Amino acid sequence: MRTSQFFLSTLKEAPSEAELPSHKLMLRAGLIKKLGSGLYTWMPLGLRVLRKVEAIVREEMDKAGALELLMPAIQPAELWQESGRWAVFGPQMLKMKDRHERDFCFGPTHEEVITDIARSEIKSYKQLPLNFYQVQTKFRDEIRPRFGVMRAREFMMKDAYSFDVDAAGMAESYRKMHVAYSTIFTRLGLQFRAVKADSGAIGGDASQEFHVLADSGEDALAYCPTSDFAANVEAAEALAPAAPRAAASEALRDVDTPKQTTCEAVAALLDIPLQRTVKLIALVAGEQLQIVLLRGDHSLNEVKVGKLPGMADFRFASEEEIRAFFNCPPGFLGPVGIDRSRVRLIADRTVAAMSDFVVGANKPKFHTAGVNWGRDLPEADLVADVRNVVAGDASPDGKGVLEICRGIEVGHIFQLGTKYSQALSCNYLDAEGQLKPMEMGCYGIGVSRIVGAAIEQNFDEKGIKFSAAMAPFSVAIVPVGYQRSEAVKAAADALYAELKAQGVDVLLDDRDARPGSMFADMELIGIPHRVTVGDKSLAEGKVEYVARQDGNTELVAQADIVARLLGKLAQ
RNA sequence: CGGCGUGUAGCGCAGCCUGGUAGCGCACUUGCUUCGGGAGCAAGGGGUCGGAGGUUCGAAUCCUCUCACGCCGACCA
C-alpha cells in the first residue's frame with residue numbers, strides 16, 4: 001500500500017476525552033473515531049489491526065476443532081424469556097420493538113440462540129461433542145463506557161459454545177479452549193495470565209479469565225510467585241489466620257475520637273497499626289440488617305458476600321436505617337452492646353481471630369478499645385471469608401505468599417454445565433435411549449478490546465509499538481526525497497515491489513512530506529520495521545533499517561535488505 | 001442512576017467574571033523558499049459559540065430549561 005492511496009489521519013494532540021495512553025494513541029493514530037458514547041468507527045488503519053487479531057483467533061479456534069457460524073445480532077425476546085434472562089439481564093441489554101410491537105434485543109451474548117440451535121439440530125450422542133463459534137458485534141449498554149474500545153458499548157467479540165454428553169467431555173472441551181486461548185495470546189505477542197474467576201451473571205461451575213497484564217487494568221489479580229496459583233481478587237480465597245486468637249490482655253475502654261470517622265484516622269490518633277482496628281459495614285438482606293466486620297486495612301468483597309446464605313440480593317444499608325438501629329451516625333459504629341436479636345453479625349475470618357481491637361463505640365465522637373470476643377460481645381453469628389485478599393496474604397494453595405497485579409480481561413472461559421440446556425430443554429438421546437441435557441461450556445474473547453489492551457501494554461513516547469502479528473503493516477518504507485531524487489524513487493519503488501511480491505504487508509510513504517513527519521507518523525501508528533531510503537546511504541549502496549521495538553538502527557546493503565526483513569518477519 | 005465538571009472551526013484551547021463587529025496554536029488551501037526528525041514567509045478558506053426560551057437597544061458572555069459528552073462510585077469481553 002502507498003500512503004498516497006491510503007487514508008492516514010494522525011493527530012498531534014489527542015482529543016481531551018481520552019484518558020488512557022492506549023485510548024489517546026488509538027485516536028491520535030487514526031485507528032478509531034468516536035461516533036457516540038461507547039461507539040467507535042474502525043478506520044481503515046485500525047480495521048487492519050482488528051482483522052489481524054480476528055484472523056489469529058479464527059485460526060486457533062479452527063485448529064481446536066471449533067466450527068464457525070454467524071448468528072443474528074438482533075434476537076427475539078421469546079428465547080430470553082424462556083431462559084429467564086430477559087428480566088435478569090436488566091438495563092445493560094438494549095431492547096427494541098419492531099413494527100409489530102414485538103420485543104427484540106441487540107444481543108449482548110448468544111447462549112440462548114446457540115442453545116436453541118443445538119436443541120433443534122442435535123438429537124443424538126453420536127453428533128457430540130460440538131463447539132460452535134462466531135465473531136460478532138455485541139452491544140451492552142454499559143453504565144459507563146470508557147477507555148475507548150476497552151469498554152465500549154458496541155464491541156467485537158468471539159464467542160464459542162461447546163456441547164458435550166457429560167461433565168468429563170465438557171471438561172475436555174474446556175481444556176482445549178484453555179490451550180487455544182493461551183496460543184492466541186502468545187501469538188499476539190501479549191504478556192498475559194490466566195486466572196481463576198467468579199462466573200458472575202453467566203453462571204456455571206469452573207471459570208477462568210485471561211488477562212493482559214497492565215497497570216491501568218480494571219481488575220486486580222492475585223497470584224503466587226512460588227506456585228501456579230492465580231485468581232481474580234474477587235475470586236481469591238482469603239484463608240483464616242494460621243495463629244489462634246490471642247488471649248485478651250487489655251481492658252475495655254472508650255477513647256475520644258472527636259473527628260475520627262475512619263479506621264485510618266483512628267489508628268493515626270491512637271498511634272496503633274491499622275491492623276488493630278475493625279470497621280463495621282451495615283448491609284440489608286432479607287429485610288434484616290446484616291453487620292459485617294472487617295479489619296481496618298481490608299476491603300469488602302461483594303462477590304463473596306453475595307454467596308453467603310441469605311445474602312444473594314444484599315444491598316448497603318441507608319443512613320436512615322443505620323441511625324434507626326444504632327442511634328448513631330456512621331463513622332462511630334461498633335458491635336459492642338447492640339441488640340443481637342435483631343441483626344446478624346458476620347465476622348470476617350481475620351476479625352474472628354483478633355483480640356484487643358478498636359471499634360466504634362456507637363456514640364458520636366467515641367471509639368472503644370481493648371475489645372475482645374466472648375468477653376465484651378458474643379461470638380459472631382457467622383464467620384466467613386468476606387474480604388479481598390491483599391498482597392502478603394497466604395496463598396490459598398498453601399505454597400507461598402500472594403502478590404497483586406492488575407490486568408485487562410480479554411478472555412473468559414466457563415464450564416456452564418446444564419444451566420442453559422435445562423432451562424431451554426436442550427437434550428440428546430444417549431446410547432441407552434435416555435434423554436439427557438447437554439453439558440455446555442462457553443468461551444469469549446474481546447477481540448476489539450484486545451487491540452486496546454495490546455497498546456496499553458506496548459507503547460512509548462513516540463506512539464504505538466505493535467507486535468508483528470497485530471501491526472497494520474509489517475514494514476514501512478520511508479523514502480527521503482521521493483519526489484525529488486530519481487535514485488531514491490527507483491530504489492524505494494523496487495524495494496516496495498519486491499516486498500509485495502514476497503507477500504509482505506508493506507507501506508510505502510510516497511507523500512511529498514518532510515522526513516520528520518513521515519518518521520513520526522510511522523512511529524505513531526506502530527509499524528514494527530522501517531526502511532529509510534535516502535540519497536546519502538544509497539551512494540554507498542545501502543539503506544537504513546530501524547526496529548520500532550528498540551529503536552536500533554543499522555545500515556544494510558540494498559541487495560540484502562529483503563532477505564533481512566523476511567528473516568525478521570519470520571521470527 | 002447518584003455526585004461533580006465541560007460544551008466556542010477537524011483537534012487542542014482563550015474569550016464569559018465586568019454584555020458592545022468571535023480569537024490563538026495545530027490541521028487545511030494557494031504561492032515562493034526549504035528538504036534525514038512534526039520547516040519558514042506570505043496570502044486564504046472554515047464557526048447557527050450544543051439546543052430552546054428569557055432579560056436587554058444589544059447575549060458566546062447574565063437567567064431558566066434541555067441535550068450531549070467527560071470524570072468519580074455498582075456491571076463485563
Side-chain angles (χ1 to χ4, degrees), chain A residues 9-19 23-24 27-28 30 33-39 53 57 88-93 108-110 135-160 181 197-202 209-212 218-219 232 234 300 302-303 306 314-316 407-414 442-453 462-463 478-485 488 511-524 530 532-538 543-544 546 551 553:
Chain A
S9 56
T10 54
L11 293 170
K12 275 192 196 172
E13 290 180 283
S16 58
E17 81 255 16
E19 211 189 349
H23 188 191
K24 287 181 184 162
L27 291 167
R28 281 190 54 208
K33 186 171 175 58
K34 187 169 84 164
L35 178 62
S37 177
L39 302 172
V53 177
V57 169
V88 175
F89 226 89
Q92 211 183 142
M93 189 155 69
T109 178
H110 281 73
V135 178
Q136 242 274 16
T137 297
K138 307 271 198 240
F139 190 95
R140 295 185 190 171
D141 200 352
E142 295 283 348
I143 297 162
R144 190 148 94 83
R146 57 187 140 174
F147 308 148
V149 299
M150 289 233 267
R151 183 178 291 280
R153 293 195 293 175
E154 186 177 303
F155 60 100
M156 192 67 75
M157 180 172 166
K158 185 286 302 175
D159 46 327
Y181 275 38
D198 177 68
S199 53
I202 296 187
E209 293 166 348
F210 286 78
H211 285 262
V212 168
E218 291 190 79
D219 287 284
N232 191 307
E234 56 183 34
L300 189 70
E302 297 180 35
V303 172
F314 81 92
R315 61 174 172 82
F316 286 86
I408 300 162
E409 185 185 358
V410 291
H412 200 156
I413 56 178
F414 301 83
C442 79
Y443 318 92
I445 286 183
V447 176
S448 45
R449 178 181 280 185
I450 282 176
V451 178
K462 290 175 177 170
V478 178
V480 177
Y482 188 80
Q483 318 283 345
R484 295 185 311 280
S485 162
V488 166
R511 295 175 292 181
D512 187 15
R514 301 173 68 84
S517 57
M518 292 194 283
F519 293 151
D521 273 349
M522 295 304 118
E523 283 156 356
L524 174 61
R530 185 179 90 205
T532 310
V533 181
D535 277 320
K536 226 183 320 181
S537 50
L538 276 185
V543 293
E544 185 182 284
V546 184
T553 303

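Just so we're on the same page: letters track the sequence lines, and every chain starts at 1. From a predicted model like this one, the values you see are computed outputs, not experimental measurements. Only heavy atoms go into these numbers, but all of them, side chains included; no hydrogens, no water, no symmetry mates.
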Check nucleotides 31-35 of chain B for protein N or O atoms closer than 3.5 Å to its own N or O atoms and list the pairs.
unit_1	atom_1	unit_2	atom_2	d
B/rU34	O2	A/Arg514	NH1	2.6
B/rC35	O2'	A/Arg484	NH2	2.7
B/rC35	O2	A/Arg484	NH1	3.1
B/rC35	N3	A/Arg484	NH1	2.9

For A/His110, what residues pass the side chain to side chain donor-acceptor pair (under 3.5 Å) criterion, not counting sequence neighbours? A/Gln75, A/Gln134, A/Lys138

Side chain to side chain donor-acceptor pair (under 3.5 Å) filter on A/Glu19, not counting sequence neighbours, yields none

In chain order, what residues pass the side chain to side chain donor-acceptor pair (under 3.5 Å) check against A/Glu409, with sequence neighbours excluded? A/His412

Listed pairs, N/O of protein and of nucleotides 72-74 of chain B, under 3.5 Å:
unit_1	atom_1	unit_2	atom_2	d
B/rC72	OP2	A/Arg144	NH1	2.9
B/rC72	OP2	A/Arg144	NH2	2.2

Under the side-chain contact (heavy atoms from CB on, under 4.5 Å) rule, collect the residues that match up with A/Leu39, sequence neighbours excluded. A/Leu35, A/Phe139, A/Arg153, A/Glu154

Give me, pair by pair, the N or O atoms of the protein and of nucleotides 66-69 of chain B that are less than 3.5 Å apart, along with how far apart they are.
unit_1	atom_1	unit_2	atom_2	d
B/rC69	OP1	A/Ser37	N	3.4
B/rC69	O3'	A/Lys34	NZ	3.0

I want to verify a distance call: between B/rA77, B/rG37, B/rC11, whose nearest atom is closest to the A/Phe519 side chain? B/rG37

Only counting residues at least two apart or in another chain, list the ones meeting salt bridge (Lys or Arg N to Asp or Glu O under 4.0 Å) with A/Glu13. none

From the set B/rC11, B/rC75, B/rA77, return the single nucleotide nearest to any side-chain atom of A/Arg151. B/rC75

Using a cutoff of under 3.5 Å, can you pull out all pairs of nitrogen or oxygen atoms linking the protein to nucleotides 50-52 of chain B, with atom names and distances?
none

Can you sort out the partners of A/Arg511 under side chain to side chain donor-acceptor pair (under 3.5 Å), two or more places apart, ordered by chain and number? A/Asp509, A/Asp521

By side-chain contact (heavy atoms from CB on, under 4.5 Å), A/Gln483 pairs with (sequence neighbours left out) A/Asp512

Write down the protein N/O and nucleotide N/O pairs, taken from nucleotides 41-47 of chain B, whose separation is under 3.5 Å; answer none if there are no such pairs.
none

